[in-house]
Asker: 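Mind having a look at this structure? Questions to follow.
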Amino acid sequence: MQFGPLKLKSNLFLSPLAGYTNLPFRLTIREIGGLDLATTDLVNARSLLERNPKAFKLIETCPEDRPLAVQLFGGVPEEMRDAAVWLEERGDSSVDINMGCPVPKVCKVGGGSAMMTELPETAKLVRGMVDAVKFPITAKMRLGWDDSNLTAPDLARTLEDVGVAAIFVHGRTRAQGFEGTVNLEGIRAVVDAVKTIPVIGNGDVTTPEAARFMIERTGCAGVGIGRGAFYNPWIFRTTQVFLETGELEPEPSFEERIRVMRLHFDRMIEVFGENRGCLMFRKIAPWYAKRFGPAKPFNKRVVQISSRDDFNSVLVDYLDWRAQFLDENGELKPNYRPDPMVASFMNDDLPKHVRRGAIPVPKGPVEVW
Ligand SMILES: Cc1cc2nc3c(=O)[nH]c(=O)nc-3n(C[C@H](O)[C@H](O)[C@H](O)COP(=O)(O)O)c2cc1C
């Protein structure tokens, strides 16, 4: 897998998730394995040039957090160019341009999905960035605005012509939000539209089988995983093993899930401080808990933590309470085990009882990402 001059050890990518894909989350996943190029949340190019402390926090990194892509948004060509140059000098590995975000704050400045509708302007802006740096510039988009405006293939072809090194595409339209099935034909159309650059498919990949299915059905060169990594930061490693050997590693044990959640929590405190780290972790812990089996009291209390001590005491009480659902080997009794994960686009191939609905989306403007 190669993005222009950048050689990568994995064709699996962490999709940007504003509010979540920060340094602690990336380090946690990297330590487990299977991931090479990770990304930051989206960040405003102008804020970086203005040295805005909040924007700097969004791109905080360290030597273990390599290779790293910074995702930029913005509609002013000079700002996008200068931010890319600055990030290259800082030592980042690539810049990804956000062309999928429909949130007004982003579109208002000509960034995000506004870029999908203005091909010539977008091409000019991107060319200015590509010409100013040596590292790869990539772009992330949705399939288009709605089903009657599937613009991604045209956009991808245009971007390849101006020198973009790879395309990430979420297989839904802006109108779909996160509803409905990921459109594998739509991703295939983007793959067919470009000449040589890799296209990375994205959307609802929650299992190793789903990653292989997306690659086989669309011809994409790799997959991006977002919410699937919330549930399961092990997904990159297990998917890499599965793609290489066909072997499906068992899901991580409960003890391993707790170990990794604790590490993630400790890093949140290290990077954001105890109070802010705890506030942010209130949104993260319930995603881990989705694979714990019964977890009501944990979820109820973990969204109130304000300190390391609070977190520890929630965890101790939860471990106690959960013991009632275990058999003599310390495993969850069968009827308390969580259902297997299944991607929306694989439902048709499965018996009814294991089909699943949409992956939850955190509340807020991200509902339309
Ligand atoms: C909470 C949240 C935040 C997101 N933030 C971004 C972002 O900053 N930039 C971006 O290009 N896409 C963003 N997305 C879209 C994801 O990168 C991804 O395309 C989408 O979630 C589908 O993949 P998944 O099903 O693997 O999550 C976000 C999605 C969610 C749910």
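All ligand and atom numbering here is 1-based and tracks the order in the structure.
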Asker: Partners of Asp192 by side chain to side chain donor-acceptor pair (under 3.5 Å), sequence neighbours excluded?
Answerer: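 Side chain to side chain donor-acceptor pair (under 3.5 Å) list for Asp192, sorted by chain: empty.
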Asker: Check each atom of ligand 1 against the heavy atoms of Asn202 and keep those under 4.0 Å away; list them by number with element.
Answerer: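 Atoms satisfying the 4.0 Å criterion: 18 (C), 19 (O), 22 (C), 23 (O), 26 (O).
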Asker: Short list, please: which atoms of ligand 1 are under 4.0 Å from a heavy atom of Arg227?
Answerer: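 This gives 21 (O), 24 (P), 25 (O), 26 (O), 27 (O), 31 (C) as the contact atoms.
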Asker: Are Asp96 and Thr39 linked by a side-chain donor-acceptor pair shorter than 3.5 Å?
Answerer: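 No, Thr39 and Asp96 have no side-chain donor paired with an acceptor closer than 3.5 Å.
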Asker: Using a 4.0 Å cutoff against the non-hydrogen atoms of Asn98, which atoms of ligand 1 qualify?
Answerer: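 Heavy-atom distances to Asn98 below 4.0 Å select 9 (N), 10 (C), 11 (O).
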Asker: Short N/O distance, under 3.5 Å, between Phe178 and ligand 1?
Answerer: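 In this structure, Phe178 places no N or O atom under 3.5 Å from an N or O of ligand 1.
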Asker: Below 4.0 Å, non-hydrogen atoms only: which portion of Gln71 touches ligand 1? Side chain, backbone, both or neither.
Answerer: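 For Gln71, the contact with ligand 1 is made by the side chain alone.
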Asker: Looking at residues at least two apart in the chain, or sitting in another chain, which of them share a ring-ring contact (aromatic ring centres under 6.0 Å, His included) with Phe135?
Answerer: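 For Phe135 there are no ring-ring contact (aromatic ring centres under 6.0 Å, His included) partners, ignoring immediate neighbours.
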Asker: Tell me yes or no: between the side chains of Asp146 and Thr173, is some donor less than 3.5 Å from an acceptor?
Answerer: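 Distance-only check fails for Asp146 and Thr173.
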Asker: Would you please say whether a donor-acceptor pair under 3.5 Å links the side chains of Ser313 and Arg301?
Answerer: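 A donor-acceptor contact under 3.5 Å links the two side chains.
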Asker: If the contact criterion is a heavy-atom separation under 4.0 Å, does Phe168 count as touching ligand 1?
Answerer: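 Judged by the 4.0 Å heavy-atom criterion, Phe168 does not count as contacting ligand 1.
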Asker: Give a yes-or-no answer on whether the side chains of Thr28 and Arg267 include a donor-acceptor pair shorter than 3.5 Å.
Answerer: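 A donor-acceptor contact under 3.5 Å links the two side chains.
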Asker: Shared ILVMFWY cluster between Leu49 and Met129, side chains joined below 4.5 angstrom?
Answerer: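 Leu49 does not cluster with Met129.
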Asker: Counting both backbone and side chain atoms, is some N or O of Pro16 under 3.5 Å from an N or O of ligand 1?
Answerer: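 Yes; the residue has a nitrogen or oxygen that sits under 3.5 Å from a nitrogen or oxygen of the ligand.
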Asker: With distance as the sole criterion, is a donor-acceptor pair present between the side chains of Glu251 and Trp234 under 3.5 Å?
Answerer: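 No.
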Asker: When you measure from atom 4 (C) of ligand 1 to each heavy atom in Gly19, Ala229, Ala18, which option holds the nearest one?
Answerer: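 Considering heavy atoms of Gly19, Ala229, Ala18, the nearest to atom 4 (C) of ligand 1 sits in Ala18.
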Asker: Quick one: does ligand 1 sit under 4.0 Å from the side chain of Leu42, the backbone, both or neither, non-hydrogen atoms only?
Answerer: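 Leu42 to ligand 1: contacts from backbone and side chain alike.
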Asker: Could you tell me, atom by atom, which parts of ligand 1 come under 4.0 Å of a heavy atom of Gly203?
Answerer: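 Ligand 1 atoms under the 4.0 Å threshold to Gly203: 22 (C), 23 (O), 25 (O).
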Asker: Does Asp204 approach ligand 1 within less than 4.0 angstrom via side chain, backbone, both or neither, non-hydrogen atoms only?
Answerer: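 The answer is both.
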